[in-house]
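This report concerns only the one structure given below.
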Amino acid sequence: MTDNDVAGLQRRLAEFAAARDWQPYHTPKNLAAALSVEAAELLEIFQWSTPEQAERVMEDPEAAHRVADEVADVLAYLLQFCEVLGVDPLAALAAKIDRNEVRFPARRRGGGRGQEGTEGDASGDRHSSE
(Lines give C-alpha, C1' and ligand atoms only; values in the text may rest on other atoms or scores of the structure.)
Protein backbone atom coordinates (compact mmCIF):
# COMPACT_ATOMS: atom_id res chain seq x y z
CA MET A 1 0.00 0.00 0.00
CA THR A 2 1.09 3.53 -0.71
CA ASP A 3 0.46 6.66 1.29
CA ASN A 4 -2.01 7.78 -1.39
CA ASP A 5 -4.43 4.86 -1.20
CA VAL A 6 -7.42 5.01 1.16
CA ALA A 7 -5.78 2.98 3.93
CA GLY A 8 -2.53 4.94 3.65
CA LEU A 9 -4.34 8.27 3.81
CA GLN A 10 -6.39 7.11 6.80
CA ARG A 11 -3.18 6.04 8.54
CA ARG A 12 -1.53 9.41 7.85
CA LEU A 13 -4.60 11.27 9.15
CA ALA A 14 -4.67 9.12 12.30
CA GLU A 15 -0.95 9.70 12.88
CA PHE A 16 -1.40 13.45 12.34
CA ALA A 17 -4.23 13.57 14.90
CA ALA A 18 -2.38 11.35 17.39
CA ALA A 19 0.74 13.52 17.25
CA ARG A 20 -1.43 16.45 18.34
CA ASP A 21 -3.52 14.52 20.90
CA TRP A 22 -6.69 15.22 18.91
CA GLN A 23 -8.17 11.69 19.14
CA PRO A 24 -10.52 12.56 22.05
CA TYR A 25 -12.17 15.13 19.79
CA HIS A 26 -12.52 12.80 16.82
CA THR A 27 -15.88 11.36 17.81
CA PRO A 28 -18.44 10.35 15.17
CA LYS A 29 -20.58 13.38 16.03
CA ASN A 30 -17.70 15.85 15.84
CA LEU A 31 -16.35 14.38 12.62
CA ALA A 32 -19.81 14.39 11.01
CA ALA A 33 -20.24 18.04 12.02
CA ALA A 34 -16.80 18.96 10.67
CA LEU A 35 -17.57 17.11 7.42
CA SER A 36 -20.79 19.09 7.05
CA VAL A 37 -18.98 22.40 7.66
CA GLU A 38 -16.31 21.59 5.08
CA ALA A 39 -18.94 20.53 2.52
CA ALA A 40 -20.67 23.87 3.13
CA GLU A 41 -17.36 25.66 2.52
CA LEU A 42 -17.08 23.84 -0.81
CA LEU A 43 -20.62 24.89 -1.68
CA GLU A 44 -19.83 28.49 -0.74
CA ILE A 45 -17.38 28.68 -3.66
CA PHE A 46 -20.32 28.14 -6.02
CA GLN A 47 -22.89 30.27 -4.20
CA TRP A 48 -24.39 32.83 -6.59
CA SER A 49 -22.60 31.29 -9.59
CA THR A 50 -24.52 30.53 -12.74
CA PRO A 51 -24.29 26.94 -13.99
CA GLU A 52 -21.91 28.16 -16.70
CA GLN A 53 -19.65 29.93 -14.19
CA ALA A 54 -19.62 26.83 -11.98
CA GLU A 55 -18.52 24.66 -14.91
CA ARG A 56 -15.56 27.01 -15.53
CA VAL A 57 -14.45 27.35 -11.89
CA MET A 58 -11.25 25.37 -12.43
CA GLU A 59 -10.09 27.82 -15.11
CA ASP A 60 -9.35 30.41 -12.41
CA PRO A 61 -6.18 29.31 -10.54
CA GLU A 62 -7.27 30.88 -7.23
CA ALA A 63 -10.74 29.32 -7.38
CA ALA A 64 -9.26 25.99 -8.47
CA HIS A 65 -6.95 26.04 -5.45
CA ARG A 66 -9.90 26.78 -3.12
CA VAL A 67 -11.93 23.93 -4.66
CA ALA A 68 -9.04 21.47 -4.28
CA ASP A 69 -8.47 22.54 -0.66
CA GLU A 70 -12.13 22.13 0.26
CA VAL A 71 -12.34 18.76 -1.52
CA ALA A 72 -9.30 17.67 0.51
CA ASP A 73 -10.94 18.86 3.75
CA VAL A 74 -14.20 17.02 2.96
CA LEU A 75 -12.33 13.84 2.07
CA ALA A 76 -10.09 14.06 5.15
CA TYR A 77 -13.05 14.30 7.51
CA LEU A 78 -14.95 11.58 5.64
CA LEU A 79 -11.98 9.20 5.84
CA GLN A 80 -11.50 9.94 9.55
CA PHE A 81 -15.22 9.42 10.16
CA CYS A 82 -15.09 6.05 8.37
CA GLU A 83 -11.98 5.02 10.30
CA VAL A 84 -13.58 5.82 13.68
CA LEU A 85 -16.74 3.86 12.85
CA GLY A 86 -15.06 1.01 10.96
CA VAL A 87 -16.77 1.78 7.64
CA ASP A 88 -14.94 0.75 4.48
CA PRO A 89 -15.77 3.76 2.28
CA LEU A 90 -15.06 1.98 -1.01
CA ALA A 91 -17.17 -1.05 -0.06
CA ALA A 92 -19.96 1.23 1.16
CA LEU A 93 -19.92 3.15 -2.13
CA ALA A 94 -19.87 -0.02 -4.23
CA ALA A 95 -22.85 -1.41 -2.28
CA LYS A 96 -24.73 1.87 -2.69
CA ILE A 97 -24.15 1.88 -6.46
CA ASP A 98 -25.38 -1.73 -6.62
CA ARG A 99 -28.59 -0.79 -4.75
CA ASN A 100 -29.15 2.29 -6.91
CA GLU A 101 -28.74 0.31 -10.13
CA VAL A 102 -31.68 -1.82 -9.03
CA ARG A 103 -33.67 1.04 -7.52
CA PHE A 104 -33.21 3.41 -10.47
CA PRO A 105 -33.12 1.35 -13.69
CA ALA A 106 -31.41 2.97 -16.66
CA ARG A 107 -33.65 4.80 -19.07
CA ARG A 108 -34.20 3.06 -22.33
CA ARG A 109 -32.71 4.57 -25.47
CA GLY A 110 -34.93 7.19 -27.01
CA GLY A 111 -35.78 8.82 -23.69
CA GLY A 112 -38.33 6.22 -22.54
CA ARG A 113 -38.45 5.41 -18.87
CA GLY A 114 -38.67 2.18 -17.00
CA GLN A 115 -41.69 1.23 -14.94
CA GLU A 116 -40.73 3.41 -11.97
CA GLY A 117 -40.11 6.56 -13.97
CA THR A 118 -43.49 7.04 -15.59
CA GLU A 119 -44.79 10.47 -16.53
CA GLY A 120 -45.70 12.43 -13.42
CA ASP A 121 -43.62 10.13 -11.18
CA ALA A 122 -40.77 12.21 -9.72
CA SER A 123 -38.99 9.10 -8.44
CA GLY A 124 -37.27 8.59 -11.80
CA ASP A 125 -35.63 12.00 -11.47
CA ARG A 126 -34.08 11.61 -8.02
CA HIS A 127 -30.38 11.97 -7.51
CA SER A 128 -28.58 8.64 -7.35
CA SER A 129 -27.30 9.11 -3.79
CA GLU A 130 -30.76 8.94 -2.22
Residues Glu83, Leu13; criterion side-chain contact (heavy atoms from CB on, under 4.5 Å); working and verdict:
CA-CA 10 Å; Glu83 180 71 17; Leu13 288 164; over 6 Å; no

Quick one: are Pro89 and Val6 in side-chain contact, heavy atoms under 4.5 Å?
yes

Is the count of non-hydrogen atoms from other residues, nucleotides or ligands lying under 6.0 Å from Glu62 atom CD greater than 12?
no

Does one hydrophobic cluster hold both Trp22 and Tyr77, with members joined at side-chain heavy-atom distances below 4.5 Å?
no

Before giving the answer on side-chain contact (heavy atoms from CB on, under 4.5 Å), spell out for Thr27 and Val84 the whole-Å C-alpha distance, their side-chain angles and the decisive distance to 0.1 Å.
CA-CA 7 Å; Thr27 65; Val84 165; over 6 Å; no

Interatomic spacing from CD in Glu15 to CZ in Arg20 - rounded to 0.5 Å:
11.0 Å

Please assess Gln80 against Gln10 for the test side-chain contact (heavy atoms from CB on, under 4.5 Å), listing each intermediate value before the final yes or no.
CA-CA 6 Å; Gln80 290 173 90; Gln10 285 177 310; over 6 Å; no

Candidates Asp73, Leu35, Leu31 - the one meeting side-chain contact (heavy atoms from CB on, under 4.5 Å) with Leu78
Leu35

Quick one, Glu70 and Ile45 - any side-chain contact, counting heavy atoms below 4.5 Å?
yes

Taking the side chain from Glu55 and the backbone from Glu52, do they hold a donor-acceptor pair closer than 3.5 Å?
no

Can you confirm if the NZ or CZ of Arg12 lies within 45° of the ring axis of Phe16 and under 6.0 Å from the centre of its six-membered ring?
no

Can you measure from NE2 (His26) to CD (Gln23) and round to the nearest 0.5 angstrom?
8.0 Å

Does any donor atom in the side chain of His65 or Asp69 lie under 3.5 Å from an acceptor atom in the other side chain?
yes

Nearest 0.5 angstrom please: Glu59 CD to Gln53 CD, how far?
11.5 Å

Any chance you could measure Arg11, atom CZ, to Leu79, atom CG, to the nearest 0.5 Å?
13.0 Å

Say whether Val87 and Leu75 are linked into one hydrophobic cluster, either directly or through other cluster members, by side-chain heavy-atom distances under 4.5 angstrom.
no

Hphob cluster co-occupancy, Leu9 + Leu90, side-chain heavy atoms under 4.5 angstrom
yes

Find out whether Ile97 and Leu93 are in side-chain contact, i.e. whether some heavy atom of one side chain is under 4.5 Å from a heavy atom of the other.
yes

If you count the non-hydrogen atoms of other residues, nucleotides and ligands that lie under 6.0 Å from CZ in Phe46, is the total more than 12?
yes

